[in-house]
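Written out below as structure tokens is the structure these notes cover.
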Number of protein chains: 2
Amino acid sequence: MDTTAGTPDGVSRRGFLTRVGAVGGATALYGTMEALGLIASPAHAAEEAGDFVPLRPGDLPAAANGTKVAILGAGTAGLTIAYELGKAGYDCHVLEARDRPGGRAKTIRRGDRLTDTDGVTQTCTFDDEHYYNPGPSRIPSHHLTIDYCRELGVAIEPMVNANAQGFYFHENTPTVNYGPLASTTVTHRQAKADVYGYISELLVAAADQGALDTVLSADDVDRLVELANSLGGLSGGRYAGNNRRGYSEPPGAGDQPGTIAGPPPSVSAILQSQLGTRFAFEFGFDQAMMMWQPVGGMDRISAALASAIGGRRRITYDAPVTRIDNTADGVRVTYRSNGRTRVLDADFCVVTIPPMVLKAIPTNFSTGTKDALAVPVGANSGRMGIQFKRRFWEEDFDIYGGVTHTNLDVSGIYYPSTGYFSRKGVLVGYYSGSYTNLPVPERETRALMQGAKIHGDVYHREFDNSFSVAWPKEPYSLGAWVSWPGGRGAAYQHLLQADGNTYFAGDHLSYYTAWQNGAFLSARKVVSDLHARVAATAS
Amino acid sequence: MDTTAGTPDGVSRRGFLTRVGAVGGATALYGTMEALGLIASPAHAAEEAGDFVPLRPGDLPAAANGTKVAILGAGTAGLTIAYELGKAGYDCHVLEARDRPGGRAKTIRRGDRLTDTDGVTQTCTFDDEHYYNPGPSRIPSHHLTIDYCRELGVAIEPMVNANAQGFYFHENTPTVNYGPLASTTVTHRQAKADVYGYISELLVAAADQGALDTVLSADDVDRLVELANSLGGLSGGRYAGNNRRGYSEPPGAGDQPGTIAGPPPSVSAILQSQLGTRFAFEFGFDQAMMMWQPVGGMDRISAALASAIGGRRRITYDAPVTRIDNTADGVRVTYRSNGRTRVLDADFCVVTIPPMVLKAIPTNFSTGTKDALAVPVGANSGRMGIQFKRRFWEEDFDIYGGVTHTNLDVSGIYYPSTGYFSRKGVLVGYYSGSYTNLPVPERETRALMQGAKIHGDVYHREFDNSFSVAWPKEPYSLGAWVSWPGGRGAAYQHLLQADGNTYFAGDHLSYYTAWQNGAFLSARKVVSDLHARVAATAS
């Protein structure tokens with residue numbers, strides 16, 4: 001490992017510090033911060049993330065005062081561009097086809113109406129205090145989204161992405177037999193005890209046979225055996241269950257030491273179940289706990305951004321764009337508003353409309369741009385929020401937030417990470433593309449049938465109502481996120497560049513597709529690119 | 001596994017259901033609930049926990065109306081006894097030596113004063129909105145504590161007991177050399193990637209050598225290899241790091257796919273570090289996430305209990321007990337209040353005063369009881385809350401809640417699981433008995449020195465003030481919890497029985513020592529015992 005300090009030219013402080021932190025740990029990090037004379041403040045930390053230097057008043061050259069930017073789409077990317085350009089005094093205006101900001105970063109609440117591309121309208125009938133996020137729903141601690149929440153004053157609370165009381169559930173398929181544990185609900189707690197127990201036992205067995213002597217020193221083999229005994233909760237090198245699994249009779253007062261649930265299934269049953277292949281999810285760089293959500297719904301972020309840029313003074317809602325033209329010295333955007341066709345002229349335009357939607361809008365973009373916009377496709381996914389009359393997952397199953405992972409077509413069931421102890425609650429009944437092409441009532445019927453495999457008849461008995469979002473059928477999204485067939489290739493590269501006076505932004509133009517972090521990153525890149533051009537031209 | 005259903009005589013519904021759930025999964029559980037005609041409601045679920053049948057109005061036989069119970073100690077156990085007996089109309093009165101309810105389940109806030117057994121007084125100078133819990137601080141989802149929070153209307157929020165951004169830190173000791181990673185902060189994220197990576201690689205290596213062929217079938221060996229590849233994030237059976245470790249240059253917009261932090265330390269360095277032996281903590285039945293805390297501080301529970309039983313109408317504070325006497329038909333408790341000696345006569349008494357304190361109070365208890373009370377000893381532990389002027393752990397380290405585990409004498413550093421984004425914050429700087437015998441100022445000096453090994457000079461620079469609780473020096477506790485030398489033996493058994501008309505209760509008389517769950521369990525046992533006796537006598 002290279003632990004040499006020093007700030008290479010052209011590397012921002014944050015990037016440099018991140019690298020030092022990675023190789024030398026926090027001790028090296030703080031030492032370096034000291035040496036560089038850096039004293040981080042909240043705003044400072046947010047600013048440095050992503051090597052982005054935010055604009056400040058006065059950054060816009062006097063010669064360019066009044067530079068006007070039309071921003072198409074009031075999703076996370078579009079709002080952020082208006083917010084960051086606005087810091088230097090750019091004159092931004094945002095056009096949004098929907099009647100609200102946020103794009104896919106929305107929250108479904110009572111009274112929300114959604115008409116899909118089939119013309120089918122749903123109206124949400126959740127109780128007032130309940131809601132769910134059908135789009136982005138998780139914020140890892142290291143994402144820019146957290147920094148923006150801090151900067152904008154959006155309160156956060158934990159989003160429970162892993163819970164020992166959640167279940168794993170594998171149903172046999174035509175091609176895979178999961179053995180004795182097929183179609184059985186197994187708590188994460190129990191699955192981990194058993195998987196780590198048995199693989200630890202196997203490690204000890206291998207070590208005892210000398211099978212690791214060629215790759216490990218004798219001392220390291222001893223350390224491995226010690227580690228295995230700890231990790232697996234072994235007794236004399238063997239796994240026979242332990243209290244990590246839970247109790248059949250819990251410890252109590254007086255004479256009740258408790259009875260550990262057991263015995264565990266056999267090692268073969270555990271391996272056949274393939275439950276252990278689910279564990280890596282929790283190690284994911286962007287999935288590991290802790291995970292966060294805004295208090296009150298994901299749309300609190302876009303609401304705060306919209307407010308910060310000036311609200312309706314800077315944003316026109318219900319304004320679908322009908323045409324975009326680069327002109328000799330700017331951009332002309334044509335849109336519909338209040339039944340009339342209107343025009344917005346600007347010096348620059350940033351388009352955050354998803355390519356699947358944008359490609360159908362007439363433009364005078366170059367052929368290269370039009371070809372590039374035709375490449376990406378909308379990913380098929382969606383989520384159903386199901387309101388239940390009673391939070392049976394909390395009351396009957398001790399599940400407060402978290403996820404049940406399955407190989408059913410619902411994929412996962414996500415228990416709400418808010419409103420604990422409320423009477424009712426809304427959980428996410430599926431996160432899947434399998435329901436997109438079902439009629440809305442059939443989605444509900446099927447989701448309840450699948451959920452009942454996990455929770456039993458209470459899933460039917462306590463059912464109240466549901467609302468489902470199928471992103472490919474959401475008119476101004478046409479996909480849950482953007483997928484680049486064959487990977488980020490020439491089309492992706494092309495759209496990173498401006499077409500005349502028009503820039504493109506969105507999470508799809510980052511390596512954080514489908515995360516708000518990607519929208520923030522892309523927005524900041526375009527802000528930097530656009531400002532660099534203006535600064536160079538005006539000086 | 002035995003999946004036979006059927007309700008044996010004498011087994012409560014909850015106990016029975018727990019067992020069915022354990023062997024058959026939730027599907028069996030719900031089926032059985034259906035068969036038994038059980039429809040759980042919030043109150044119902046709480047009531048069933050622990051096989052306890054709560055008393056109801058009318059349960060107290062008419063002949064026993066007005067039965068008076070003196071309860072000594074307004075900690076969790078004492079308050080719960082008054083609360084549960086009160087449901088049937090028992091006339092309870094609680095004497096508490098301190099000026100507040102809650103016992104060890106307290107919360108330290110601005111203005112709190114604490115005079116220890118050395119006569120040293122601390123006054124808390126935290127800012128108004130900040131606090132810490134020096135006693136119980138964690139509530140697992142399956143504890144009775146959660147049920148009482150629901151029943152009493154105490155809001156809960158996640159207590160972050162595990163966070164991928166927290167650190168592990170092992171400093172060399174005179175007897176152990178931790179190798180190249182000694183005295184290095186390693187994120188949980190990175191440690192897990194490396195440990196699971198290498199042990200998975202070793203499993204694959206052992207499988208490849210045929211070392212597991214005697215214990216596993218060929219199919220199971222294949223499944224194990226598949227599991228290992230997933231669990232370890234291996235490439236071709238080898239571990240060479242992966243993005244679970246984090247990035248040295250994070251993925252960004254445009255052309256920034258990111259650079260994974262690496263390469264990982266060698267397998268020998270990872271084994272020498274012994275970081276992997278820390279992982280089992282998170283699998284603990286009572287430590288696995290999700291974990292909870294009351295919004296506003298742990299003392300919200302005792303405040304709600306005290307309020308529910310009638311407040312000062314039922315509780316006398318600042319009333320240290322000076323003598324307890326069983327009488328012919330009841331109990332006489334002598335105590336001090338407002339400078340005078342007073343007497344409380346009752347039909348029964350329940351003593352929740354810790355044995356270390358109780359044994360010094362004159363009584364006419366039997367010799368057997370006095371001998372039993374002399375056996376348990378107070379455990380040595382304590383916690384320091386440190387207020388910092390800036391939440392550098394959030395702003396500089398992306399640590400929002402969670403724990404840094406060390407082999408330093410601080411044991412762990414616990415980041416606050418509330419007040420995210422606030423300017424200041426209070427973290428727990430140690431959870432340890434090593435500071436008990438240090439003078440208060442030296443505790444602070446040492447805790448800061450140790451914390452700076454993890455966080456660097458910012459730990460000194462942003463320090464604001466501190467407050468420490470050393471439980472063995474807390475006058476009415478004399479220990480962090482009760483320890484039974486040699487285990488729960490004859491003394492424990494003796495105290496489960498009444499001495500005359502006096503009962504004993506507290507977490508120390510349960511298999512949940514040091515957990516509020518134990519206090520609730522013990523309280524409910526004594527409520528049942530006492531009521532059974534009253535009911536039998538009165539009928």
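Here is how names work: the chains are called A, B, and so on, in the same order as the sequence lines, proteins then strands, and each is numbered from 1. No experiment lies behind these values; they were computed from the predicted model shown.
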Seminar exercise, completed: So, the part of B:Glu282 with a heavy atom under 4.5 Å from chain A: the answer is neither
Exercise. For A:Ile199, is it the side chain, the backbone, both or neither that has a heavy atom under 4.5 Å from a heavy atom of chain B?
Worked result: both
For this session: Flag the one option from B:Asn243, B:Val215, B:Asn229 with the top tally of heavy-atom pairs under 4.5 Å to chain A.
Result: B:Asn243
For this session: Check whether any side-chain heavy atom of B:Gln209 sits under 4.5 Å from a side-chain heavy atom of A:Thr214, and report yes or no.
Result: yes
Seminar exercise, completed: What one should report as the nearest heavy-atom pair of B:Arg244 and A:Ala280 is NH2-CB, 3.3 Å
Seminar exercise, completed: Looking only at heavy atoms, the pair that brings B:Asn163 and A:Met290 closest together is OD1-N, 3.5 Å
For this session: Go through the atoms of A:Tyr492 and report whether side chain, backbone, both or neither lie under 4.5 Å from a heavy atom of chain B.
Result: side chain
Exercise. Which answer fits A:Arg189, side chain, backbone, both or neither, if we ask what part of it has an atom under 4.5 Å from a heavy atom of chain B?
Worked result: side chain
Seminar exercise, completed: Nearest heavy-atom approach of A:Asp398 to B:Ser141 is O-CB, 3.5 Å
Exercise. In Å and rounded to the nearest 0.5 Å, what is the CZ to CD distance from A:Phe283 to B:Gln190?
Worked result: 14.5 Å
Exercise. Can you say whether B:Val195 sits under 4.5 Å from chain A via the side chain, the backbone, both, or neither, judging by heavy atoms?
Worked result: side chain
Exercise. Does the side chain of B:Glu394 reach to within under 4.5 Å of the side chain of A:Arg150, using non-hydrogen atoms?
Worked result: yes
Exercise. With side chains defined as the heavy atoms from C-beta onward, is the minimum distance between B:Gln272 and A:Asp219 less than 4.5 Å?
Worked result: no
Problem set entry | Interface moiety of A:Leu216 toward chain B, non-hydrogen atoms closer than 4.5 Å | side chain
Problem set entry | Contact class of A:Tyr196 relative to chain B, heavy atoms under 4.5 angstrom | side chain
For this session: Check each atom of A:Val154 against the heavy atoms of chain B and say whether the ones under 4.5 Å are side chain, backbone, both or neither.
Result: backbone
Seminar exercise, completed: Heavy-atom closest pair (B:Thr277 atom, A:Leu227 atom, distance to 0.1 Å) is N-CD1, 3.6 Å
Exercise. Got a donor-acceptor contact below 3.5 angstrom from the A:Tyr400 side chain to the B:Pro158 backbone?
Worked result: no
Problem set entry | Residue A:Ile156 versus chain B: region with a heavy atom under 4.5 Å | both
